[in-house]
Protein chains: 2
Amino acid sequence: MHQNGVECCESVCVHEELLQKVTAQMPKEEALYDLAELFKVFGDSTRIRILFVLFEAEVCVCDLAEALQMTQSAVSHQLKILKQAKLVKNRRAGKSIFYSLADDHVRAIIGQGLEHIEE
Amino acid sequence: MHQNGVECCESVCVHEELLQKVTAQMPKEEALYDLAELFKVFGDSTRIRILFVLFEAEVCVCDLAEALQMTQSAVSHQLKILKQAKLVKNRRAGKSIFYSLADDHVRAIIGQGLEHIEE
DNA sequence: TTATCATATGAACAGTCATTCATATGTTCA
DNA sequence: TGAACATATGAATGACTGTTCATATGATAA
């Protein structure tokens with residue numbers, strides 16, 4: 001039974017030494033989970049669009065909503081997710097709250113993604 | 001009403017010129033969608049783990065299942081998604097099918113992600 | 001303080017998705 | 001050909017997620 005991990009296509013595959021190598025190099029469960037969570041944040045076109053707007057300037061929630069033709073509530077919910085992932089930061093200015101990119105990793109990651117889909 | 005896009009926090013925000021700048025730089029709808037779809041593929045810890053295994057070697061489905069302690073079916077379903085996104089490729093060798101990374105974008109994207117979560 | 005503006009948030013609903021189970025496809029060997 | 005192995009796949013299910021709606025919080029100005 002392969003599912004039980006006892007043995008598997010023994011004549012062809014590397015198996016033993018491969019398993020050792022793989023488990024040695026594999027990051028910890030928590031890191032893998034955090035990594036997936038991070039990319040999950042990029043995996044929504046609304047959030048991608050928000051990030052592209054923030055590439056251009058620091059923008060308040062209200063203008064973001066207008067730029068993307070979405071409700072203020074929907075934008076605000078997504079901004080919360082982006083902020084939890086530390087992809088954006090914000091500052092208050094009177095009644096408005098301005099959002100901007102947290103660091104350059106955002107540009108780098110999206111840049112790599114663009115390269116891949118433009119092949 | 002802000003939701004209707006007529007006017008918005010006029011005294012504070014850049015508004016008009018910002019909107020022009022943003023819409024000029026914003027990629028097309030299709031590109032934004034493709035980009036989100038790509039990151040969605042990275043946004044699952046099972047697929048991340050598969051990719052990490054493939055960082056080390058070309059591996060058959062059966063060994064992947066054992067390395068990750070998952071059923072062959074679950075791994076196969078995820079491999080299909082990875083292949084559709086052109087992140088992995090495969091070749092047949094007898095009864096087995098070996099999977100490997102499609103190109104170096106995968107390493108680059110995951111590398112950027114790792115940098116971000118290791119802050 | 002009160003009214004208004006800008007933003008945040010909780011609940012609910014609809015759509016999406018990863019896994020499981022059963023089964024199909026395709027290869028090798030006897 | 002038939003049996004065993006390796007992989008793929010369709011349907012079903014439970015869990016997750018983005019948007020909407022209603023409302024709450026927080027700030028400004030009169």
Side-chain angles (χ1 to χ4, degrees), chain A residues 1-13 15 32-33 36-37 39-50 58-85 88-99, chain B residues 1-13 15 32-33 36-37 39-50 58-85 88-99:
Chain A
M1 313 291 278
H2 306 88
Q3 283 76 339
N4 294 337
V6 178
E7 52 186 19
C8 155
C9 52
E10 42 255 304
S11 58
V12 185
C13 304
H15 207 57
L32 293 169
Y33 194 79
E37 287 301 303
F39 287 121
K40 217 171 281 183
V41 175
F42 285 97
D44 175 80
S45 59
T46 292
R47 289 190 290 265
I48 292 276
R49 287 163 74 214
I50 290 176
E58 186 187 40
V59 184
C60 68
V61 180
C62 168
D63 275 5
L64 265 173
E66 188 176 349
L68 305 180
Q69 291 287 90
M70 296 183 59
T71 62
Q72 173 269 319
S73 179
V75 171
S76 193
H77 276 295
Q78 299 312 321
L79 284 171
K80 184 177 187 177
I81 293 172
L82 288 167
K83 197 184 175 196
Q84 282 173 337
V88 305
K89 59 188 176 186
N90 58 10
R91 74 175 169 88
R92 178 175 281 280
K95 285 179 289 187
S96 299
I97 296 187
F98 284 81
Y99 280 80
Chain B
M1 313 293 275
H2 307 89
Q3 282 76 340
N4 294 337
V6 179
E7 52 185 20
C8 153
C9 53
E10 44 254 303
S11 58
V12 185
C13 306
H15 209 56
L32 293 170
Y33 194 78
E37 287 302 303
F39 287 121
K40 216 172 283 184
V41 176
F42 286 97
D44 175 80
S45 60
T46 292
R47 289 190 290 266
I48 292 275
R49 287 164 73 214
I50 290 177
E58 185 187 41
V59 184
C60 68
V61 180
C62 169
D63 276 3
L64 264 173
E66 187 176 348
L68 305 181
Q69 291 288 90
M70 297 183 59
T71 61
Q72 173 269 319
S73 179
V75 171
S76 193
H77 276 295
Q78 298 311 320
L79 284 170
K80 184 176 187 179
I81 294 173
L82 287 167
K83 198 185 175 194
Q84 282 174 337
V88 305
K89 59 188 176 186
N90 59 9
R91 74 178 169 88
R92 178 176 281 278
K95 286 179 289 186
S96 298
I97 298 187
F98 284 79
Y99 281 80

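Each chain gets a letter, A, B and so on, in the order its sequence line appears, and its residues count up from 1.
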Inset, instruction - Using atom CG of B:L82 as one end and atom C1' of D:dA8 as the other, report the distance to the nearest whole Å. - result: 15 Å
Inset, instruction - Could you check how far CD1 of B:I48 sits from P of C:dA18, rounded to whole Å? - result: 12 Å
Inset, instruction - Please tell me if the side chains of A:E58 and A:R91 come closer than 4.5 Å, counting only heavy atoms from C-beta onward. - result: yes
Inset, instruction - Scan A:L64 against the nucleic acid and name what it touches under 4.0 Å (heavy atoms): base, sugar-phosphate only, or nothing. - result: nothing
Inset, instruction - Could you state the atom-to-atom distance from CZ of B:F98 to C1' of D:dC5 in whole Å? - result: 14 Å
Legend entry - B:Y99 side chain near D:dA6 phosphate (N/O to OP1/OP2, under 4.0 Å): no
Legend entry - Qualifying residues under salt bridge (charged side-chain N to carboxylate O under 4.0 Å, His left out), relative to B:K40, sequence neighbours excluded: B:E37
Inset, instruction - Let me know the distance between CZ of A:R49 and P of D:dG18, rounded to the nearest Å. - result: 14 Å
Inset, instruction - Measure the distance from CG on A:N90 to C1' on C:dA8 and round it to the nearest whole Å. - result: 11 Å
Legend entry - Partners passing side-chain contact (heavy atoms from CB on, under 4.5 Å) against A:S76 (at least two apart in sequence or in another chain): A:Q72
Legend entry - Between D:dT9 (C1') and B:K80 (NZ): distance, integer Å: 6 Å
Inset, instruction - State, with a plain yes or no, whether a side-chain heavy atom of A:D44 is found less than 4.5 Å away from one of A:I81. - result: no
Inset, instruction - Look at B:T46 and C:dT19 and indicate whether a side-chain polar atom (N or O) is within less than 4.0 Å of OP1 or OP2. - result: yes
Where do N or O atoms of nucleotides 13-17 of chain C meet protein N or O atoms at under 3.5 Å, pair by pair?
none

Legend entry - Pairing residues for B:K83 by the side-chain contact (heavy atoms from CB on, under 4.5 Å) criterion, not counting sequence neighbours: B:V88, B:N90
Inset, instruction - Output the single nucleotide from D:dT7, C:dA8, D:dG18 whose closest atom is nearest the side chain of B:S76. - result: D:dT7
Legend entry - With sequence neighbours excluded, residues passing side-chain hydrogen bond (donor to acceptor under 3.5 Å, both in side chains) with B:K80: none
Legend entry - side-chain contact (heavy atoms from CB on, under 4.5 Å) against A:L32, all qualifying residues, sequence neighbours excluded: A:M26, A:P27, A:E29, B:I48, B:R49, B:F52
Legend entry - Whole-Å gap separating P (D:dC16) and CD1 (A:I81): 14 Å
Inset, instruction - Give the rounded distance in Å between these two atoms: CD of B:Q84 and C1' of D:dA8. - result: 12 Å
Legend entry - Gap separating the OG1 atom of A:T46 from the CG atom of A:L64, nearest 0.5 angstrom: 11.5 Å
Inset, instruction - Return the orientation label for the A:F39 and B:F42 ring planes: parallel under 30°, perpendicular over 60°, tilted otherwise. - result: tilted
Legend entry - Under 4.0 Å protein heavy-atom contact, by nucleotide of nucleotides 21-30 of chain C - B base, S sugar-phosphate only: BB----BS--
